[in-house]
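In what follows, a structure is listed as structure tokens, so that the remarks can point back to it.
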Amino acid sequence: MVTVGERKALEPRFTAFLGEEDGLIYRYSQKENISTKWPPLIEKIKLMIEETTGNTFNVVLMNWYNDGSHYVGWHSDNESDLLPGTPIGSLSIGATRTFQLRHKSESVMGRKITEANTKKKHGISLSEEEEELLRVNYEVGVDPELNMEIVVQHGDLIVMREDLQKYWRHRVPKVNSDVGPRICFTFRCVDSLPVE
């Protein structure tokens, strides 16, 4: 069960939570996940992703999408259990699905980025703060005036850096077409000490 707003609901997908040791904690939507030690196969996948990304991870939240009716809604992974500054490495295995990004334009920061982009397009000089906002947002790689869709296929790896979580929401939407199962391994680094 997760809590969305004031409503409790079943997650619209299956999840499992593993870690480099038993008892690591990761909380989202008022759901507390406590890790069990991952098997050698998951550790092997983790090591390959660490080698590819240059980052280290100590837990994995696995999301099983059985068919097109399974999804994850708009969200950002900004929970306090995540170690600050660490990315999420998301490996997709199975059916092709769409991964969508939506800029947090309703946020103060989103409005500032949009205003700075508008000024830049019209040749108006920018403050140092505006220049920095655009630089950071450019490094994320997406224009804040756009939403983005990525078709994620079997074996694709998406690395979500901290700035992406700060300025963007993402989701895997429901689809009406007949799609097969997909599992998404989302490797993370949590700052929680193991529970006793």
Side-chain angles (χ1 to χ4, degrees), residues 11 13-29 31-66 70-72 74-103 132 135-143 148-173 179-195:
E11 285 183 277
R13 64 197 176 283
F14 304 116
T15 61
F17 185 64
L18 304 172
E20 63 186 6
E21 60 184 302
D22 290 336
L24 295 171
I25 300 171
Y26 177 60
R27 292 169 276 247
Y28 63 90
S29 300
K31 177 182 178 183
E32 184 173 89
N33 297 279
I34 301 174
S35 69
T36 55
K37 184 163 175 44
W38 48 40
L41 176 62
I42 300 298
E43 184 163 12
K44 185 175 180 179
I45 294 169
K46 176 197 83 100
L47 292 171
M48 288 188 305
I49 291 173
E50 287 178 341
E51 186 176 326
T52 300
T53 65
N55 297 101
T56 57
F57 304 100
N58 62 359
V59 296
V60 62
L61 178 66
M62 298 181 299
N63 295 290
W64 173 270
Y65 301 87
N66 197 47
H70 281 194
Y71 67 97
V72 62
W74 288 114
H75 70 286
S76 295
D77 298 294
N78 55 3
E79 292 78 18
S80 61
D81 292 327
L82 294 173
L83 191 64
T86 59
I88 295 173
S90 179
L91 175 67
S92 183
I93 302 295
T96 298
R97 293 290 293 265
T98 301
F99 178 79
Q100 297 177 331
L101 292 160
R102 180 172 71 186
H103 195 264
E132 178 66 6
R135 184 193 64 74
V136 168
N137 202 63
Y138 175 77
E139 288 176 2
V140 172
V142 185
D143 184 333
M148 185 176 193
E149 283 193 357
I150 302 169
V151 175
V152 183
Q153 299 178 342
H154 178 78
D156 285 351
L157 174 66
I158 294 176
V159 180
M160 296 182 283
R161 306 265 177 227
E162 183 180 35
D163 285 337
L164 186 132
Q165 305 297 338
K166 189 187 238 181
Y167 301 118
W168 297 82
R169 289 187 177 87
H170 58 278
R171 74 174 181 170
V172 176
V179 297
R182 169 184 180 253
I183 189 166
C184 185
F185 297 87
T186 59
F187 287 92
R188 304 153 191 263
C189 195
V190 296
D191 196 20
S192 299
L193 296 173
V195 293

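Every value quoted in this text rests on a predicted model; they were computed, and no experiment measured them.
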> Are Ile45 and Val60 close enough that some pair of their side-chain heavy atoms sits under 4.5 Å apart?
Replying inline: no
> With no hydrogens and no angle check, is any side-chain donor or acceptor of Glu43 less than 3.5 Å from a backbone partner on Glu20?
Replying inline: no
> Quick one: CG on Leu164 to CG on Asp77, what's the gap to the nearest 0.5 Å?
Replying inline: 9.0 Å
> side chain to side chain contact (heavy atoms under 4.5 Å, CB included) between Phe185 and Ile42: does it pass, once the steps are laid out?
Replying inline: CA-CA 9 Å; Phe185 297 87; Ile42 300 298; 3.5 Å; yes
>> Which heavy atom of Leu24 sits nearest to which heavy atom of Val59, and what is that distance?
In response: CD1-CG1, 3.7 Å
> So, for Leu18 and Met62, which heavy atoms are closest and what is the spacing to 0.1 Å?
Replying inline: CD1-CE, 3.5 Å
> Do you know which two heavy atoms are closest between Ser92 and Val152, and how far apart they sit?
Replying inline: CB-CG1, 3.4 Å
> Is there a side-chain contact between Ile25 and Val190 (heavy atoms, below 4.5 Å)?
Replying inline: no
>> What verdict does the side chain to side chain contact (heavy atoms under 4.5 Å, CB included) test give for Leu101 and Met160, after you've listed the backbone C-alpha separation in whole Å, the side-chain angles of each residue and the deciding distance to 0.1 Å?
In response: CA-CA 11 Å; Leu101 292 160; Met160 296 182 283; 5.8 Å; no
> Rounded to the nearest 0.5 Å, what separation is found between the CG atom of Leu61 and the CZ atom of Phe187?
Replying inline: 10.5 Å
> So Arg171 and Tyr71, side chain to side chain contact (heavy atoms under 4.5 Å, CB included) or not? Walk me through it.
Replying inline: CA-CA 8 Å; Arg171 74 174 181 170; Tyr71 67 97; over 6 Å; no
> What residues form a ring-ring contact (aromatic ring centres under 6.0 Å, His included) with His70, not counting sequence neighbours?
Replying inline: Phe14
> Got a sec, which residues hit side-chain contact (heavy atoms from CB on, under 4.5 Å) with Gln153, two or more places apart in sequence or on another chain?
Replying inline: Thr96, Val151, Asp156
> CG/Asn58 to NZ/Lys46 distance, rounded to the nearest 0.5 angstrom?
Replying inline: 8.0 Å
>> Nearest 0.5 Å, please: how far is CD in Glu32 from CZ in Phe17?
In response: 10.0 Å
> Only one of Thr86, Asn55, Thr53 clears side-chain hydrogen bond (donor to acceptor under 3.5 Å, both in side chains) with Arg161; which?
Replying inline: Asn55
> Testing Asn63, Val172, Ile183 for side-chain contact (heavy atoms from CB on, under 4.5 Å) with Arg13, which one passes?
Replying inline: Asn63
> What pair of heavy atoms forms the shortest contact from Pro87 to Val159, and how long is it?
Replying inline: CB-CG1, 4.0 Å
> Shortest non-hydrogen contact from Ser90 to Cys184?
Replying inline: OG-SG, 2.9 Å
> Do we see a donor-acceptor contact under 3.5 Å between the side chains of Arg188 and Tyr26?
Replying inline: yes
> Given Ile93 and His154, is the side chain to side chain contact (heavy atoms under 4.5 Å, CB included) satisfied, shown in steps?
Replying inline: CA-CA 5 Å; Ile93 302 295; His154 178 78; 3.4 Å; yes
> Could you give the distance from CZ (Phe57) to CD1 (Ile49), rounded to the nearest 0.5 Å?
Replying inline: 7.0 Å
> Who pairs with Phe99 by ring-ring contact (aromatic ring centres under 6.0 Å, His included), at least two apart in sequence or on another chain?
Replying inline: His170
> Where do Glu21 and Ser35 come nearest, in terms of heavy atoms and distance?
Replying inline: O-OG, 2.8 Å
